[in-house]
Amino acid sequence: MEFDHSPRYIRFLFSLIVCLALLPTSFNAIALENNDIKQLDRQFQSFSNQFYQYMARNFSQCGHRAHSLKTLNQQIGKLAKNNKTAVAMCLIHFNHKLISNNIDSDQIFGIFSFLLENNNLALANRFYSVALDEGDKSLLSNIAYIYARYYLQHKDWKNLLRVSQGIYADLPFEQANQARLYTGIALQKLKKHRKAVKVYQQIPPRSHYYAEAMLNIATAYIRQDWWTDAHIMIQKVLDNKNYRIDKKMRNRLYLVMAYSFLHQEYYRNSRQVFHNIELDSQFANRALLGVALTAMNQKDFIGALNAINILKAKKNIDLSVDESRLLLPYIYEKLGQMHTASASYADAQKYYEQRIAELEAMKIARKISPVTILNNPEVIQLDNNLLDDSMVNEGFIKNIIQLQYIKPYIEQIENRKLKNNYQQVMKAHQNYFTKVNNTIFNNRIHQLNSYMNQARYGIARLFDNSSASR
């Protein structure tokens with residue numbers, strides 16, 4: 001392979017980029033301690049359930065007796081829209097008898113969705129116990145579907161599989177297929193790839209979730225080194241004229257296919273596929289970096305240089321933009337422009353020093369907020385920085401936001417025990433969020449430090465070669 005004879009940082013960068021591009025879609029990796037998250041979750045649920053019960057007994061705005069589940073759902077929706085989630089939650093507690101007495105109504109799904117979206121698992125389970133006694137199979141399956149979505153957000157794969165078994169036949173068409181998608185994701189996360197593939201294959205082409213399922217099948221094949229099967233699967237989706245793929249998914253399919261070709265050293269195929277990715281897509285930077293890598297392997301260094309220069313000019317800086325600074329001097333080397341290569345290595349070193357200082361300052365300032373993360377489910381954007389959020393647990397972030405919504409009501413009560421409990425839970429979440437904040441920045445800073453060291457190595461190597469040739 002061409003890169004076997006290249007400097008070590010090029011080989012490292014090549015393998016890193018390919019691995020990142022081939023990550024499965026639809027779910028994020030867990031990079032922080034799962035046990036810590038679970039402990040925080042239990043603390044939040046215990047406190048919030050007690051507090052909402054207290055609100056229901058002591059706050060006048062919670063004392064509205066709803067006449068039907070429909071009107072209750074409407075009230076909940078209005079309150080949530082105005083960031084009064086705590087009032088909506090205590091309203092559910094206050095009207096628990098109405099809910100229990102009408103557990104077989106389809107209006108119950110809105111109640112369950114709201115409870116689980118805001119992590120009130122205790123009250124949801126209380127109503128679910130009533131449903132188990134009085135509801136039919138269809139009702140229970142629809143509730144289980146809501147639980148499956150909850151466990152997906154909390155990355156609780158075993159419980160997701162527990163609730164999703166045998167519910168598909170009782171769900172509407174698209175919800176059934178989404179539930180299958182959830183099941184497949186959970187199986188993949190538990191490294192049961194072959195079982196996941198069988199579930200994904202049950203999603204028909206006319207489903208909105210078909211392309212996502214096929215892409216996840218392809219990534220399962222790739223993880224088992226079944227590259228050809230993966231290519232066939234992706235091409236099957238792309239070639240289906242009767243199936244409308246949205247722009248984001250089409251570009252994602254092309255990206256995975258292109259990098260899988262690159263990994264197999266099919267450089268011509270890889271480069272052709274990269275060119276199908278639209279320049280205004282969120283995957284454009286990774287595609288440009290891929291074009292540069294394939295061009296370098298084809299010894300088309302001018303083509304590689306053009307792709308890198310486009311990346312350098314990008315205003316929003318993601319990892320691909322940072323990585324391009326390390327490839328540029330190597331390209332100049334291959335073009336025989338040693339002075340330009342040396343200057344480019346020095347520029348890269350200075351660039352990485354500035355980037356590290358900038359990110360260190362942002363880390364100290366704790367620029368990342370829970371709302372910032374929740375509003376950007378795939379990437380965190382701070383000024384012109386695009387940061388990876390793959391270590392973030394969505395359920396944990398929602399807990400922090402819920403605690404912030406609760407704060408004004410805590411300040412109004414005289415119950416010292418509840419106040420102290422709130423302070424303890426809030427402090428624990430804030431401390432862990434600081435850890436999340438630091439991890440996000442430290443991961444990027446670690447990568448930049450590695451690139452900076454490789455730039456220094458490049459300068460030293462050129463100097464040694466120049467001295468030896470005299």
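- Between N415 and Y54, the side chains place no donor N or O within less than 3.5 Å of an acceptor N or O (distance only, hydrogens not considered).
- For N285 and S320, the side-chain atoms include no donor-acceptor pair closer than 3.5 Å.
- Look at R286 and D318 and you find no salt bridge, because none of the NZ, NE, NH1 or NH2 atoms lies under 4.0 Å from a carboxylate O.
- Using a 4.0 Å cut-off between charged side-chain N and carboxylate O, K398 and E117 make a salt bridge.
- Heavy atoms from other residues, nucleotides or ligands lying under 6.0 Å from CZ of R42 number more than 12.
- Side-chain atoms of N393 and Q153 include no donor-acceptor pair closer than 3.5 Å.
- Judged purely by distance below 3.5 Å, without hydrogens or angles, the side chains of N442 and K363 pair a donor atom with an acceptor atom.
- Note: Y422 and F47 meet the aromatic proximity criterion, with ring centroids under 6.0 Å apart.
- Between the side chain of S105 and the backbone N or O of N102, no donor-acceptor pair lies under 3.5 Å.
- The aromatic ring centroids of H231 and F261 lie less than 6.0 Å from each other.
- No hydrogens or angles considered: nothing links the side chains of N443 and D388 as a donor-acceptor pair under 3.5 Å.
- No side-chain donor from either of R444 and Q447 sits under 3.5 Å from a side-chain acceptor of the other.
- The local environment of NZ in K247 is crowded, with over 12 non-hydrogen atoms from other residues, nucleotides or ligands closer than 6.0 Å.
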CA sep, side-chain torsions, deciding dist, call: Q188, Y200, side-chain hydrogen bond (donor to acceptor under 3.5 Å, both in side chains): CA-CA 11 Å; Q188 273 188 286; Y200 289 137; 2.6 Å; yes

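- Within the 4.5 Å cutoff, the side chain of Y147 has heavy atoms near those of the F112 side chain.
- Judged by distance alone, with hydrogens and angles left aside, the side-chain atoms of Y168 form no donor-acceptor pair with the main-chain N or O of Q202 at under 3.5 Å.
- Screening residues 178-287 for disulfide bond (SG atoms under 2.5 Å apart) gives no qualifying pairs among residues at least two apart or on separate chains.
- In this model, no donor atom of one side chain and acceptor atom of the other lie less than 3.5 Å apart for Q61 and K84.
- Formation of a donor-acceptor pair under 3.5 Å by the T294 side chain with backbone atoms of G290 is found in this model.
- Side-chain atoms of S207 do not come within 3.5 Å of backbone N or O of I203 as any donor-acceptor pair.
- The closest donor-acceptor contact from the side chain of S281 to the backbone of I277 lies at 3.5 Å or more, if one exists at all.
- With sequence neighbours left out, the side-chain hydrogen bond (donor to acceptor under 3.5 Å, both in side chains) criterion links N240 to no other residue.
- Within a 6.0 Å radius of NZ in K419, more than 12 heavy atoms belonging to other residues, nucleotides or ligands are found.
- Take Q178 and apply the side-chain hydrogen bond (donor to acceptor under 3.5 Å, both in side chains) test, not counting sequence neighbours, and it matches Y145, Y182, Y209.
- Residues N119 and N399 bring a donor and an acceptor atom of their side chains to less than 3.5 Å of each other.
- Remark: the backbone N or O of K78 is paired with a side-chain donor or acceptor of N82 at under 3.5 angstrom.
- Ring to ring, F127 and H96 are not that close: their centroids are 6.0 angstrom or more apart.
- A donor-acceptor pair shorter than 3.5 Å can be found between the side chains of H64 and Q75.
- Within a 6.0 Å sphere centred on CD of E411, other residues, nucleotides and ligands contribute more than 12 heavy atoms.
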ring-ring contact (aromatic ring centres under 6.0 Å, His included) between H193 and Y221, worked out: CA-CA 8 Å; H193 298 293; Y221 286 161; over 10 Å; no

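- Side chain of N95 to backbone of A66: a donor-acceptor contact under 3.5 angstrom is found.
- Among residues two or more places apart in sequence or in another chain, the side-chain hydrogen bond (donor to acceptor under 3.5 Å, both in side chains) test is passed with S129 by none.
- Remark: side-chain polar atoms of D246 are paired, donor with acceptor, to backbone N or O of K248 under 3.5 angstrom.
- Side-chain contact between L327 and L293 is present, with heavy atoms from C-beta onward closer than 4.5 Å.
- A donor-acceptor pair shorter than 3.5 Å cannot be found between the side chains of R366 and N438.
- Listed by chain and residue number, nothing satisfies the salt bridge (charged side-chain N to carboxylate O under 4.0 Å, His left out) test with R250 (two or more places apart in sequence, or in another chain).
- Using modelled atom types, one finds no donor on one side chain facing an acceptor on the other under 3.5 Å when comparing N120 with Q45.
- Between H154 and Y150, the distance separating the two ring centers is shorter than 6.0 angstrom.
- Counting only residues at least two apart or in different chains, disulfide bond (SG atoms under 2.5 Å apart) contacts with residues 69-126 comprise C62-C90.
- Within a 6.0 Å sphere centred on NZ of K195, other residues, nucleotides and ligands contribute 12 heavy atoms or fewer.
- Within the 3.5 Å criterion, the main-chain N or O of Y210 finds no donor-acceptor partner in the side chain of N177.
- Distance alone, capped at 3.5 Å, places no donor-acceptor pair between the H263 side chain and the Y259 backbone.
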